[in-house]
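Naming: A, B, ... by sequence-line order, numbering from 1 per chain.
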There are 2 protein chains.
Amino acid sequence: MSLRHALLAVLSADPMTGYDLVKYFDGTVAFVWSAPHSQVYPELRRMEQAGLIEATTVPRGERATKREYSLTREGERELHRWASEVHPPPPLRNVDRLKAAHFEWGTYESIKRQLREHLNHWSAQRRQWRQLVGDLESGEVPLLRRRLERLPPEQHEAVVAFRAFAFQGQIARADAEIAWAKRGLALVEQLEASGATIAGELAEAQPADGARAQRTGVAGATA
Amino acid sequence: MSLRHALLAVLSADPMTGYDLVKYFDGTVAFVWSAPHSQVYPELRRMEQAGLIEATTVPRGERATKREYSLTREGERELHRWASEVHPPPPLRNVDRLKAAHFEWGTYESIKRQLREHLNHWSAQRRQWRQLVGDLESGEVPLLRRRLERLPPEQHEAVVAFRAFAFQGQIARADAEIAWAKRGLALVEQLEASGATIAGELAEAQPADGARAQRTGVAGATA
DNA sequence: GTAGTCATGTAAGAGGTTACATGATTAG
DNA sequence: CTAATCATGTAACCTCTTACATGACTAC
């Protein structure tokens, strides 16, 4: 349950409402972890029940109130535990790679479209992460600033370094994905130029009978 | 629902039983997609209902039988559709990065242990993927061989190239993760050497009062 | 006979997505 | 007054994990 720890980590910078947290999980925190509000609110209630956080009801305007959550001592201990434990790596599930392994079922055009999307997506992500690393290092990230305010100056260096380190990992990942997509585009162009055929291309050309011809052709070869 | 398409993709090489499929999803296919048998069997039933695959009951031994699944025309069409569509990128959720961003809560020792694990894990994965790419290119992968048997020779080149391309993506990812972990280890050692303190280290040293001292210290600074 | 493999399920629960739903407050 | 934002939920549904469960077949 990493959502729980992501919430604890953000709350360690500053007490805030569920709404504030949701904004972070749509914004900068979503750079490593994302969650919709329908997941955040119930989880906060459960964490409160578990004694990891506590809520104070704060008035807003005339009639309305909001609930502001802050870490308890127990919540801090949980963060310590989590940050120190070695967790088994999660099972691999990569749709992009799964699809790429079976691109033979697509057409050259559709494959190129997908690889270009891949390239655009990771390029955009990369830009965001680079921006964030810059902002972290120049002290322009409010959440980090508030976290540092609660810590003695001799700890600041490490905190900033770890935050930047995490996002540099994302940048490295993006670099790998970008290079991969480019390599894929080159591969497709090379295959196209060499006149290599693929199943998807044929099926596209002759929707019904193309598939049949292919199948019987195979049956003939097998028999 | 990528499990469905992963199953379709494997079945496109050869008709086989749920048990066979489960083995692939623990073996080579798990290199990009993994699933336990408790997920595979029900999904196969649903796919059969949906007309994407069909089962023939094959006897084994005296009394027992097994169900062998093969793609239907509709299943092939679904594979085509899936392979041609652009899918929105899945939301980011990376526990390792989330943790790294908050390593301040750990101790130098626990951080190093985790980074070393990360390094070992991705190095091992990398070795497997490299082995697989080699085997794919030298025609030693049974599943690929059976897939190629159903296709005219002029399509072989592209099929092999796409398979290898997918796993090269995994290798590139592994390279990025390995470099990241090494960078992290260097960072920790540098911080340690420079005498920088982190919260987790202090909490470890003085479990109860360390945290309090820190907190009141902060309150004092803020007030 | 017995251990290992082949073969196929069910079920409870956690985590996540999408949609539905509501009402107060604030800025224009 | 009206639109945007603040604020907080519930519910149905899907995917995945973990555990429980069963029985036939094969090699020794």
Side-chain angles (χ1 to χ4, degrees), chain A residues 1-8 11 15-27 29-30 32-50 53 55-69 82 87-95 98, chain B residues 1-8 11 15-27 29-30 32-50 53 55-69 82 87-95 98:
Chain A
M1 12 166 146
S2 285
L3 171 58
R4 171 163 298 195
H5 297 103
L7 290 168
L8 287 175
L11 283 174
M16 61 183 88
T17 66
Y19 186 81
D20 295 326
L21 284 160
V22 167
K23 275 191 300 181
Y24 282 117
F25 282 77
D26 279 343
V29 178
V32 288
W33 202 268
S34 69
H37 79 273
S38 64
Q39 214 186 346
V40 169
Y41 287 113
E43 182 60 27
L44 286 170
R45 293 288 181 161
R46 281 190 291 268
M47 288 162 71
E48 192 186 2
Q49 287 281 307
I53 57 179
T56 46
T57 301
V58 177
R60 62 175 184 114
E62 295 292 280
R63 272 168 295 277
T65 60
K66 56 182 177 180
R67 293 165 59 79
E68 205 164 61
Y69 293 99
W82 172 74
H87 296 277
L92 280 171
R93 254 175 225 114
N94 189 317
V95 197
L98 178 64
Chain B
M1 12 167 145
S2 285
L3 172 58
R4 171 162 297 194
H5 298 103
L7 290 168
L8 286 174
L11 282 174
M16 62 182 87
T17 66
Y19 187 80
D20 295 326
L21 284 160
V22 167
K23 276 191 299 182
Y24 282 116
F25 283 76
D26 279 344
V29 179
V32 288
W33 203 269
S34 70
H37 79 274
S38 63
Q39 212 186 348
V40 170
Y41 287 114
E43 182 61 25
L44 286 171
R45 291 291 181 158
R46 283 190 290 268
M47 289 162 71
E48 193 187 0
Q49 287 281 306
I53 56 178
T56 46
T57 301
V58 177
R60 64 176 182 115
E62 295 291 282
R63 269 169 296 277
T65 59
K66 56 183 177 179
R67 293 165 59 79
E68 205 162 62
Y69 292 99
W82 173 74
H87 296 277
L92 280 173
R93 254 175 225 113
N94 189 317
V95 197
L98 177 64

Engineer: With sequence neighbours left out, write down each residue that passes salt bridge (charged side-chain N to carboxylate O under 4.0 Å, His left out) with B:Arg60, or none if nothing qualifies.
Structural biologist: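 Not a single residue meets the salt bridge (charged side-chain N to carboxylate O under 4.0 Å, His left out) criterion with B:Arg60.
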Engineer: My understanding is that only residues two or more places apart in sequence, or in another chain, count here; which of them pass side-chain hydrogen bond (donor to acceptor under 3.5 Å, both in side chains) with A:Arg93?
Structural biologist: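 So A:Arg93 forms no side-chain hydrogen bond (donor to acceptor under 3.5 Å, both in side chains) with any residue.
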Engineer: List for me each residue that meets side-chain hydrogen bond (donor to acceptor under 3.5 Å, both in side chains) alongside B:His37, sequence neighbours excluded, and say none if there are none.
Structural biologist: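 With neighbours one apart ignored, the set is empty.
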Engineer: Which class fits the ring pair B:His5 and B:Trp82: parallel under 30°, tilted 30 to 60°, perpendicular over 60°?
Structural biologist: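 B:His5 vs B:Trp82 ring planes: parallel.
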Engineer: Once you round to the nearest 0.5 Å, how far does CE of B:Met47 lie from CG of B:Leu3?
Structural biologist: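 The CG atom of B:Leu3 is 7.5 Å from CE of B:Met47, to the nearest 0.5 Å.
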Engineer: With sequence neighbours left out, write down each residue that passes side-chain hydrogen bond (donor to acceptor under 3.5 Å, both in side chains) with B:Thr17, or none if nothing qualifies.
Structural biologist: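 By the side-chain hydrogen bond (donor to acceptor under 3.5 Å, both in side chains) rule, B:Thr17 matches B:Asp20.
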Engineer: When you compare the side chain of B:Val40 with that of B:Tyr19, does any pair of heavy atoms fall below 4.5 Å?
Structural biologist: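 The answer is no; the side chains never approach within 4.5 Å.
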Engineer: Report all interatomic pairs (protein N or O, nucleotide N or O of nucleotides 6-8 of chain C) with separations under 3.5 Å.
Structural biologist:
from  : atom 1 : to      : atom 2 : distance (Å)
C:dC6 : OP2    : B:Tyr19 : OH     : 2.8
C:dA7 : OP1    : B:Lys66 : NZ     : 3.1
C:dT8 : OP1    : B:Arg67 : N      : 3.0
C:dT8 : OP2    : B:Gly18 : N      : 3.4
C:dT8 : OP2    : B:Tyr19 : N      : 3.1
C:dT8 : O4     : B:His37 : NE2    : 3.4

Engineer: Rounded to the nearest 0.5 Å, how far apart are CE of B:Met1 and CG of B:Leu7?
Structural biologist: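 One finds 12.0 Å between CE of B:Met1 and CG of B:Leu7.
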Engineer: Rounded off to whole Å, could you give me the NE2-to-C1' distance for the B:His5 and D:dT15 pair?
Structural biologist: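 Spelled out: NE2 on B:His5 to C1' on D:dT15 is 15 Å.
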Engineer: Give the rounded distance in Å between these two atoms: CG of B:Leu44 and P of C:dG9.
Structural biologist: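 B:Leu44 atom CG is separated from C:dG9 atom P by 9 Å.
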Engineer: Within the 4.0 Å limit for protein heavy atoms, which parts of nucleotides 12-17 of chain C are touched? Write it as a string from 5' to 3', B for base, S for sugar-phosphate only, - for none.
Structural biologist: ---SBB
Engineer: What integer distance in Å separates A:Arg63:CZ from D:dC6:C1'?
Structural biologist: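 So the CZ-C1' distance, A:Arg63 to D:dC6, works out to 15 Å.
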Engineer: Once you round it to whole Å, what is the distance between C1' of D:dT15 and CG of A:Leu92?
Structural biologist: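 Atom-to-atom, A:Leu92 to D:dT15, this comes out as 17 Å.
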